[in-house]
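Report on one structure; see the data block that follows.
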Amino acid sequence: MPELPEVETVVRGLSRHIVGQKIKHVEILSAKSFLWNPKLTKSKKVGGKTAYPIPQEILRRTIKKISRRGKGIIIDLDKGYSILIHLKMTGQLIYIPKDKKPGRTTGGKRLNYGHPDKNFSQAMPSKHTRVWFELSKGNLYFNDQRRFGWVKLTPTQDVFKDKFFAKLGLEPFDKKFTPPFLWSAIQRHPKANIKAIILDQSLITGIGNIYSDEALFYARLKPTRLGRSITKPEVTKLYAAIKKVLEKGIKYSGTSINTHRTPEGSMGKMQNYLAVYEREGQPCRSCKGIITKIRVAGRGTHYCPMCQH
DNA sequence: TGCCCCCTGCAG
DNA sequence: CTGCAGGGGGCA
């Protein structure tokens with residue numbers, strides 16, 4: 001689910017709800033979702049599920065700050081530890097206050113968990129809950145259908161030594177991200193598709209498959225254009241388009257085509273404003289063209305053949 | 001720089 | 001049943 005706008009939505013929501021709370025207990029329901037000590041695989045049954053041992057360093061720590069780097073989430077605790085989380089394709093972080101009744105072990109409130117039937121509700125923890133944090137005033141659930149995502153615990157000073165965080169490029173909202181920066185990044189990849197270039201997290205962080213297609217649409221660039229063919233005026237347009245689509249995504253709390261939810265469990269709204277993504281066969285919003293789907297950089301890619309060149 | 005893989009569920 | 005899905009790591 002998550003690209004920069006979705007992760008930013010989750011980080012902002014969690015910041016409102018869980019900063020200042022203490023971690024009272026943690027259940028790891030899927031060993032591979034909490035990358036910690038793989039030797040500790042001795043499990044026990046909790047409510048019919050298998051649970052794994054937890055690192056003691058995480059217990060009784062207070063949550064100080066939640067931030068985002070690229071598509072990764074950093075939760076800083078007191079006493080020098082941080083929790084790192086990546087949602088990958090289907091991860092969710094859902095927070096349910098304890099006073100939301102009926103309380104008790106599940107944390108109570110039932111949520112529509114991406115189910116097409118609006119009346120369907122899913123109790124937390126759900127069958128996709130992989131890590132369950134009991135906090136002082138509520139419960140935080142890391143749900144991840146496909147188990148591609150991960151949670152890690154690391155000393156705060158080592159966060160950016162982490163294999164994932166260490167190789168991230170520039171944030172699109174960093175002052176250093178400028179048209180000249182984008183131009184030079186593109187020059188270094190003359191033979192790559194422009195889509196592959198803007199998807200490369202070691203150059204710019206946070207753009208994924210949805211927002212790359214959207215940005216290329218607003219820049220009027222065909223996704224298969226090679227880096228060396230891109231002109232300076234085109235770079236300027238692409239730069240503006242990238243910032244525009246990411247800002248719009250954040251404004252609408254992300255795209256909920258499938259599993260993306262805010263920490264409160266509600267859907268984002270950006271899917272209603274997409275220009276090309278998931279709009280194959282539909283008319284272009286700015287010309288008479290029909291949105292076409294092809295394969296670029298191994299990903300389904302949507303564009304308007306009439307206005308993107 | 002591309003391809004396969006991790007995993008599960010859903011549409012066609 | 002096959003193919004495909006908001007990501008990214010490891011391998012030619």
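Note that this is a predicted model, so its numbers are computed, not measured. Quick note: numbers below take in every heavy atom, side chains included, and nothing from hydrogens, waters or symmetry partners. Chain letters run A, B, ... following the sequence lines, proteins first and then strands; every chain starts at 1.
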(request) Measure from CG on A/D200 to P on B/dT1 and round the result to the nearest Å. (result) 8 Å
(request) State the pairing partner of B/dC7; accept Watson-Crick or G-U wobble contacts with both distances under 3.5 Å, and report none otherwise. (result) none
(message) Looking only at the side chain of A/A192 (C-beta and beyond, no hydrogens), which of the listed nucleotides B/dT1, C/dG8, B/dT8 gets closest?
(response) B/dT1
(message) Under 3.5 Å, is there any donor-acceptor pair linking the side chain of A/R147 to the base of B/dC7?
(response) no
(message) Using a strict threshold of under 4.0 Å (side-chain N to carboxylate O), is an ion pair present between A/E3 and A/K71?
(response) no
(message) I want to check one thing: is the phosphate of C/dG9, taken as OP1 and OP2, less than 4.0 Å away from some side-chain N or O of A/K167?
(response) yes
(message) Taking only side-chain N and O atoms of A/K71, does any of them lie within less than 4.0 angstrom of OP1 or OP2 on C/dG8?
(response) yes
(request) Compare side-chain N and O positions of A/R295 against OP1 and OP2 of C/dA5 and report whether any pair is under 4.0 Å apart. (result) yes
(request) Quick one: label A/G208 by what it contacts on the DNA or RNA (base, sugar-phosphate, nothing), any heavy atom closer than 4.0 Å. (result) sugar-phosphate
(message) The side chain of A/R146 is closest to which nucleotide in this list: C/dG8, B/dT8, C/dG9?
(response) B/dT8
(request) Look at A/K79 together with A/E57 and state whether they make a salt bridge at an N to O cut-off of under 4.0 Å. (result) no
(message) For B/dC6, is there a stacking contact with A/F148, counting only centres under 5.5 Å and planes under 30°?
(response) yes
(message) Mind checking if A/Y211 touches a base, just sugar-phosphate, or nothing, with heavy atoms under 4.0 Å?
(response) nothing
(message) Under a 3.5 Å threshold, yes or no: a donor from one side chain and an acceptor from the other, between A/S266 and A/E264?
(response) no
(message) Classify A/G300 by what it touches in the nucleic acid, base, sugar-phosphate, or nothing, heavy-atom distance under 4.0 Å.
(response) sugar-phosphate
(message) Whether A/H128 contacts B/dT8 is assessed here as follows: a side-chain N or O lying under 4.0 Å from the phosphate OP1 or OP2. Is that the case?
(response) no
(request) Taking only Lys NZ, Arg NE, NH1 and NH2, and the carboxylate oxygens of Asp or Glu, determine whether A/R279 and A/E214 approach each other closer than 4.0 Å. (result) no
(message) If I take atom CD in residue A/E3 and atom P in nucleotide C/dA5, what distance separates them, rounded to the nearest angstrom?
(response) 13 Å
(message) Rounded to whole Å, how long is the line connecting atom NZ of A/K191 with atom P of B/dG2?
(response) 10 Å
(message) Less than 4.0 angstrom between a side-chain N/O of A/K195 and OP1 or OP2 of B/dG2, yes or no?
(response) no
(message) For the P atoms, the ones on B/dC7 and on C/dG10, what distance do you get once it is rounded to whole angstrom?
(response) 15 Å
(request) Name the nucleic acid region contacted by A/I257, choosing base, sugar-phosphate or nothing; use a 4.0 angstrom heavy-atom cut-off, strictly under. (result) base
(message) Checking side-chain polar atoms at under 3.5 Å, does A/T224 have a donor or acceptor matched by the opposite partner on A/N193?
(response) no
(request) Return no unless some side-chain N or O of A/K293 is found under 4.0 Å from OP1 or OP2 of C/dA5. (result) yes
